[in-house]
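Have a look at the structure below before the remarks.
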Amino acid sequence: MPLTASEKAFILNLWPKIAPRVNDLGGDALDRLFLSFPQTKTYFSHFDLSHGSADVKAHGGKVLSALGKAASHLNDLDGALSSLSDLHAYNLRVDPGNFALLSHTIQVVLAINFPNDFSAEAHAAWDKFLSEVAEILTSKYR
Ligand code: HEM
């Protein structure tokens with residue numbers, strides 16, 4: 001089910017607050033991913049995964065910036081995420097189950113940092129948005 005107009009508004013309203021802090025917020029989401037779900041570290045054996053490392057922050061920034069690009073193309077998520085979808089399916093071959101884990105830690109970070117914005121409705125909208133992103137990034141596996 002595509003995002004509704006009000007769900008899109010929850011994504012667009014929060015994004016400008018995330019944008020200036022992508023490295024810190026994305027880095028925190030990855031820190032939590034690696035601590036809570038250590039099996040996800042296997043994909044990043046070439047990174048320094050220690051708490052708050054430059055590698056983790058830089059990569060967290062890339063992940064959230066990709067979500068920002070998606071947020072600015074809510075009517076064409078497939079197109080906006082096409083090359084990332086190729087990368088995750090053909091090159092990285094990330095097990096699709098990991099996307100729900102990252103989606104979870106991203107939402108934890110949003111809830112902690114933006115408690116006034118992250119209402120139950122906003123939470124549901126972000127969960128749906130992240131599920132759509134994950135579906136696209138895992139759509140080309142074969
Ligand atoms: C690379 C986004 C989920 C593993 C990347 C890059 C972006 C990105 C933007 C960098 C691409 C580039 O440098 O051209 C996302 C988004 C995700 C997601 C938006 C879902 C919300 C995951 C998950 C995993 C993963 C769940 C595994 C647990 C990787 C790895 C790389 C990568 C291993 C390459 C890192 C490197 O060597 O620099 N991802 N990703 N991604 N992603 Fe994802």
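Whatever order the structure lists ligands and atoms in, that order sets their numbers, starting from 1.
Between W126 and F129, the two ring planes are perpendicular [angle over 60°; tilted spans 30° to 60°].
Using modelled atom types, one side-chain atom of K140 and one backbone atom of S82 make a donor-acceptor pair closer than 3.5 Å. Listed for the S53 side chain is a donor-acceptor partner under 3.5 Å among the backbone atoms of V56. Judged by distance alone, with hydrogens and angles left aside, the side-chain atoms of S85 form no donor-acceptor pair with the main-chain N or O of L81 at under 3.5 Å. Side-chain N or O atoms of N98 include none that pairs as donor or acceptor with a backbone N or O of T40 at under 3.5 Å. With hydrogens and angles disregarded, a donor-acceptor distance shorter than 3.5 Å links the side chain of T105 to the backbone of L102. The backbone N or O of K62 lies less than 3.5 Å from no partner atom in the side chain of S65, so there is not a single donor-acceptor pair. Side-chain N or O atoms of S103 include none that pairs as donor or acceptor with a backbone N or O of F99 at under 3.5 Å.
Nearest to atom 37 (O) of ligand 1 among the protein's heavy atoms is H46 NE2, 2.6 Å. When only non-hydrogen protein atoms are considered, atom 3 (C) of ligand 1 lies nearest to F99 CE2, 3.3 Å. With hydrogens left out, the protein atom closest to atom 4 (C) of ligand 1 is F44 CZ, 3.3 Å, a heavy atom.
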**OP:** Run the numbers on N113 and K17 for side-chain contact (heavy atoms from CB on, under 4.5 Å), then give the verdict.
**Re:** CA-CA 10 Å; N113 284 276; K17 298 187 183 182; over 6 Å; no
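Every atom of ligand 1 is numbered from 1 in the order shown, and the set under 4.0 Å from a heavy atom of N98 is 26 (C), 28 (C). Atoms of ligand 1 found under 4.0 Å from any heavy atom of Y43, numbered from 1 in the order shown, are 27 (C), 28 (C), 33 (C). Those atoms of ligand 1 with a heavy atom of F47 less than 4.0 angstrom away are 35 (C), 36 (C), 37 (O), 38 (O).
For atom 43 (Fe) of ligand 1, protein N, O or S atoms closer than 2.8 Å were enumerated as H88 NE2, with waters left out.
At least one protein heavy atom sits closer than 4.0 Å to atom 41 (N) of ligand 1.
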